[in-house]
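These notes are about the structure you will find just below.
Here the structure is a predicted model, which is why all the values come from computation and not from measurement.
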Amino acid sequence: MTPPEIPETLETLRRVFGYDAFRDGQREIIDHVVGGGDALVLMPTGGGKSLCYQIPALVRKGTGVVISPLIALMQDQVDALRTAGVRAGFLNSTQDIDERRVVEAEFAAGELDLLYLAPERLRLGATVELLDRGDVSLFAIDEAHCVSQWGHDFRPDYLMLSGLHERWPDVPRIALTATATEATRREIAARLRLEDARHFVASFDRPNIQYRIEPKTDAKRQLLRLLQTEHKGDAGIVYCLSRNSVEKHAAFLTENGIEALPYHAGLDARTRAANQARFLREDGLVIVATIAFGMGIDKPDVRFVAHLDLPKSVEGYYQETGRAGRDGLPSTAWLAYGLQDVVNLRKMIDGGEGDAAHRRRQAQHLDAMLALCETVECRRVRLLDYFGQSGEPCGNCDTCLNPPETWDATVAAQKVLSVIVRLDRERRQKFGAGHIIDILLGKKSAKVIQFDHDSLKPFGVGADLREAEWRGVIRQLLAQGLVAVESDHGTLVQTDASGDVLRGERKVMMRREPERAATKAAKTAKAAKAPIDLPEEAVPVFERLRAWRAATAKEQGVPAYVIFHDATLREIATALPSSLAELGRVNGVGENKLAKYGEQVLETLAAPE
């Protein structure tokens, strides 16, 4: 009996990349593009977006052209493909003229399977002429959300990509992103002239990521505790809002025995590139960065992403947290946020550039992010809902593991609003949250005495709550739109909805602030610790394989994951293959890697402990 014929796409997946089956959604997308169809693909980070254009580029006649904004990462992407036996190259501003000429000649001669380009290169007539001289099999537009004003990373260079279809009408296009609401998706389709493209929307669920959000008390110490108790020796990313905060937290972690590198736009280009390269190539490093870092980071073993400041949007938060656990192994997305974060972002929006419509969009993004932070429901369900998908409580986020208490905070809200109203009406004055809390607690601070605010009727009416609880009340009033921030001075004022609360016509429910956030967070972490450990006997084998991989990667000047992912090494350490044929059956070991590294892996396995 003749065995069934293996489709060319699946055969390519096995031969080149070493995987026996496509992930959910990949096969349908790949078949559609191989057949010449246009596609708009939404797939979460780590979901396997790259294969959706790489395999069609290998199967179709000609060269797949990938437009990507990630100049600093193109070298690593190309190195990874070449290691797998794919003929890949790139053209960007980091190359000298001789390097560019070699790649251009390879493309024109049909000797490349994939060519990576930065979008700004398409402004150059020479690039367009080069593409005309070669045979383009497809255009892949990566990080397609960059074209959308609704997205969180708009880049004008992407707008010109709408012209691809006009100049090369018979070449299929595939636009890909990990983050897009329905509004963003519609805009991407319109701006890239993909109105007739087929849309593929994979699940946004990343079940291996544990989402945790906790009140910010002492961000440095909270972060240090997370890393020391749960992620010792792990690679991770810490996001901060400002350059100064990045520097301070990187230094703090290093002083406390955790090797951390800073990354922000204020560093010179050489330092940024060196720090990024070290993070990608070395095991166990922490990078502390502004959001300038991370798009397209292909490091699969990032075990945690921590935010020390409130992200401006759910899209940004999801994109950034998605850089954890690309290998599918359990990882943590941790955020500490507080009242001042909300105040600062409200001020930034109100006082920022752009027209009223732009500020309104930013406010909508922030409202959605605050709703995620303050929800008493499953974080994962809330995230999926934001992207128009449904889900069941995950049992693995902080609100599932330790369901928060809710309480009727109507009276507390009325007390806060009463202070704000009396200061405004009786004294024609406005103050920030700290001063209002001092009045509620009956504290005779220097400012309270200076302005005679201890004579106000509400002075001392808030003794029933702790200071941290009052900060939580005001934070949640801001989140619910019952209090607003004036952009000039950060003072608190009423909103149109405040009167309903003061008159008792609106009930205000809130999350109760935990008495000891640290203890609760530690309990959550303990309950959620995922079973990713290897069998005890496999651990030393895995470590030997990691050491071999690190030495090999250093010798070749490539990131360790370009050789093999951790997941592949774990499978090897557990299966203990004794022949090349057995090793070739391990996920992630394609033909080229088997030929290049197979004997070395078997020797490493056979080496005495």
Whether R323 side chain and V302 backbone form a donor-acceptor pair below 3.5 Å: no
Distance (rounded to the nearest 0.5 Å) between C378 SG and E392 CD: 9.5 Å
Ion pair check, R326 and D301, cut-off under 4.0 Å: no
Audit row: S578, L602, side-chain contact (heavy atoms from CB on, under 4.5 Å) steps and yes/no: CA-CA 7 Å; S578 57; L602 294 178; 5.8 Å; no
Donor-acceptor under 3.5 Å (Q95 side chain, F90 main chain): yes
Contacts of type side-chain hydrogen bond (donor to acceptor under 3.5 Å, both in side chains), residue K61, not counting sequence neighbours: D135
F279 ring center near Y263 ring center (under 6.0 Å): no
Non-hydrogen atoms of R380 and P207 that approach each other most closely: NH1-CA, 3.5 Å
Residues forming a salt bridge (Lys or Arg N to Asp or Glu O under 4.0 Å) with E247, sequence neighbours excluded: none
Which atom of V246 lies closest to which atom of A289, heavy atoms considered: CG2-C, 3.5 Å
Side-chain (R121) to main-chain (I67) donor-acceptor, under 3.5 angstrom: no
SB check R212 E230 (cutoff 4.0 Å): yes
Euclidean distance, D234 CG relative to L285 CG, rounded to 0.5 Å: 12.0 Å
For Y561, the option from T568, L280, D327, D283 that meets side chain to side chain contact (heavy atoms under 4.5 Å, CB included): L280
Q556-T552 side chain donor-acceptor pair, cut-off 3.5 Å: no
Inter- and intrachain pairs under salt bridge (charged side-chain N to carboxylate O under 4.0 Å, His left out), touching residues 65-76, at least two apart: D76-R281
Side chain T574, main chain R570, donor-acceptor under 3.5 Å: yes
Among I55, D20, L58, I30, side chain to side chain contact (heavy atoms under 4.5 Å, CB included) partner for L13: I55
Shortest non-hydrogen contact between N208 and L329, atoms and distance: ND2-O, 3.0 Å
Intermediate values then yes/no, side-chain contact (heavy atoms from CB on, under 4.5 Å), E99 and V102: CA-CA 5 Å; E99 290 172 322; V102 168; 5.9 Å; no
Side-chain donor/acceptor of R206 to backbone N/O of A324, under 3.5 Å: yes
Donor-acceptor contact present, side-chain E555 to main-chain A550, <3.5 Å: no
Modelled atom types, side-chain donor and acceptor of N244 and S242, under 3.5 Å: no
Where at least one partner belongs to residues 270-280, residue pairs that pass salt bridge (charged side-chain N to carboxylate O under 4.0 Å, His left out), sequence neighbours excluded: E259-R278, R278-E282
Intermediate values then yes/no, side-chain contact (heavy atoms from CB on, under 4.5 Å), V288 and L261: CA-CA 6 Å; V288 185; L261 302 171; over 6 Å; no
Interatomic spacing from NZ in K216 to CG in L335 - rounded to 0.5 Å: 8.0 Å
Residues Y239, F293; criterion ring pair (Phe, Tyr, Trp, His ring centres under 6.0 Å); working and verdict: CA-CA 9 Å; Y239 283 112; F293 176 84; 7.0 Å; no
Listed once per pair and sorted, the salt bridge (charged side-chain N to carboxylate O under 4.0 Å, His left out) pairs that draw on residues 77-98, sequence neighbours left out: R87-D113
Where G325 and S331 come nearest, the two heavy atoms and their spacing: CA-OG, 3.1 Å
Whether H231 and F304 hold their rings parallel, tilted or perpendicular, with breakpoints at 30° and 60°: tilted
Separation of R14 CZ from R585 CZ (nearest 0.5 Å): 12.5 Å
Test side-chain contact (heavy atoms from CB on, under 4.5 Å) applied to V33 and L138, step by step: CA-CA 8 Å; V33 177; L138 62 85; 4.1 Å; yes
Value rounded to 0.5 Å, distance of CD in E315 from OG in S313: 4.5 Å
Test item: P7 and R27 side chains (from C-beta on) under 4.5 Å apart, heavy atoms: yes
Minimal non-hydrogen separation, P403 against C400, with atom names: CD-O, 3.7 Å
L310 side chain near C373 side chain, heavy-atom distance below 4.5 Å: yes
Side chain to side chain, I174 and I141, heavy atoms closer than 4.5 Å: no
Side-chain (S137) to main-chain (T63) donor-acceptor, under 3.5 angstrom: yes
Intermediate values then yes/no, side-chain hydrogen bond (donor to acceptor under 3.5 Å, both in side chains), T12 and E8: CA-CA 6 Å; T12 302; E8 189 177 2; 5.2 Å; no
Main-chain N/O of L117 paired to N92 side chain as donor or acceptor, under 3.5 Å: no
Greater than 12 external heavy atoms within 6.0 Å of K596's NZ: yes
Candidates Y337, Y317, W334 - the one meeting ring-ring contact (aromatic ring centres under 6.0 Å, His included) with H307: Y317
Within-4.5 Å side-chain heavy-atom neighbours: V65 and Y116: no
N256 side chain near R221 side chain, heavy-atom distance below 4.5 Å: yes
Within 6.0 Å of CG in N587, more than 12 heavy atoms from elsewhere: yes
Under 3.5 Å: donor-acceptor pair, side chain of N402, backbone of D398: no
Worked verdict on R303 versus D566 for salt bridge (charged side-chain N to carboxylate O under 4.0 Å, His left out): CA-CA 12 Å; R303 292 274 69 86; D566 270 6; 5.1 Å; no
Aromatic plane relationship, F564 with W548 - under 30° parallel, 30 to 60° tilted, over 60° perpendicular: tilted
Euclidean distance, K220 NZ relative to S245 OG, rounded to 0.5 Å: 8.5 Å
Check: Q222 side chain, A336 main-chain N or O, donor-acceptor pair, under 3.5 Å: no
Over all atoms of both residues, closest heavy-atom pair of F204 and Y318: O-OH, 2.6 Å
With sequence neighbours excluded, residues passing side-chain hydrogen bond (donor to acceptor under 3.5 Å, both in side chains) with R60: none
Validation row: N592, T83 side chains within 4.5 angstrom (heavy atoms): no
